[in-house]
S.K.: 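Structure in structure tokens, see below.
Counting starts at 1 for both ligands and their atoms, in listed order. Since we're looking at a predicted model, the values are computed, not measured.
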Amino acid sequence: MKLYVLTGLAFTLLGFMADTYAERPLTSRHSAFQIPEEYLKEPSNIPGFWVSTVEETAAFLKQRIRIGHVEEIGRSSGGRPIRAVTYGSPRQGRGTSTFSGSLGFGDVRAFRGQDHDKTVYCAMAAVHGGEFEAIVGLINLIAVLETGHDLRGKAWPDLAATSARIDRIVLVPIANPDGRSRIPIRMQLHREGADGYKVHEWLNTGAKADGRLIGWPQVKEHIPPDFSQVRFPGGYPNDAGVNIQHDDFLGQRQPETLALLNLATRERPDLVLNLHTGVAMNDYYMRVHRPFSEPALNATFDAFFTRVHTGLALAGLQSTRDPAIEANPSRAPRSAYNLDTAINLHCGALCITIESPSHGYSGTNRALQPARQTPETLLEAQLVCHREAMQFLADTGGRARWTARPAKP
Ligand SMILES: [Zn+2]
């Protein structure tokens, strides 16, 4: 894929910097749900690079895409468009079998088709609508792919160069626009300690009828919850009440899930990043989670974890700067059966949940010293993560090589 990163750079960059999209109306301000006014307070100085709402994202994709292609891949339960931005040319043709059939046959190329060795990178944000960091990350990644610079004006030459070594890039900035629209703010206030955590969790996991926090993992006990029995359903579910990270994948699937699975069928990606917010407060840094997926991909996951966490540690975005500590894959939390599993078993991609700290509250490092995250450090971690993940894909060649049969002697 070729990116004309210098074309129109000055013009585009000026446009990016001047336009914060702040004047655009927000949906759901007068929603049927009661959100305490205190929880809707926003900082007075939201940075221009913090593009996080459904409306801001739609405006950005409409106005700022010159090289990529924007398409609607489906509609949410609430009727909102789900958009993807693509770069490069897609895989051509079809394989001769289903993914399952290709595994039974013993060669995944039977599913992936003639250009099985092409590399396809996919990333999606806001599967949970109250998690803004990865939306900002994907919008700034798109800015880098378009201009070589993020929305702060910072150049990312390694990221731009690596993206050019990948055949196809598919980005979904807001996978759950219903959930995101339910939280009618651009940015939370930063609150210290337990207060900040509580406000973030209230907005994201919702509140019971009496106003008390639903919380995590209790938010998963009722899918879908009875909306009449909650004060506020939070950003987790779509308008049908379903948390698509834990959809009924083999049964009645939600339109958001179906849109993502159909996109996966069409693109047959190698790697899918499922980007969330929510890390332990005593190790308050970006963390890659180990998916419940094909055992044949375990070694590839270990190498991916090591690559991404090494990049984050060396950039000062982990508890220490020591990759020997931070990048050991035995430290990866294990996910249960979820959307990552469904996408993996649907198309063979290694699909990985990655959690970010939140801009709304603080935590500590593992020595229990304060680990204050700022919008800038959060964006930095998102872009370092994409850079390392793309380099990993470009260097290792993707699914067809990860599980290739050894050549016969
Ligand atoms: Zn989440």
S.K.: At the Zn ion (ligand 1), what's the angle from E131 OE1 to H276 ND1, rounded to 10 degrees?
M.R.: 90°
S.K.: Can you confirm if the NZ or CZ of K198 lies within 45° of the ring axis of W202 and under 6.0 Å from the centre of its six-membered ring?
M.R.: no
S.K.: In H128, the N, O or S atom nearest to the Zn ion (ligand 1) is which?
M.R.: ND1
S.K.: With a 4.5 Å limit on heavy-atom distance, are the side chains of R109 and S102 in contact?
M.R.: no
S.K.: Scan side-chain atoms only and decide if S319 and N365 contain a donor-acceptor pair under the 3.5 Å cut-off.
M.R.: no
S.K.: May I ask you to check whether Y361 and H190 place their ring centers less than 6.0 Å from one another?
M.R.: no
S.K.: Closer than 2.8 Å to the Zn ion (ligand 1), do we get an N, O or S atom from E355, backbone or side chain?
M.R.: no
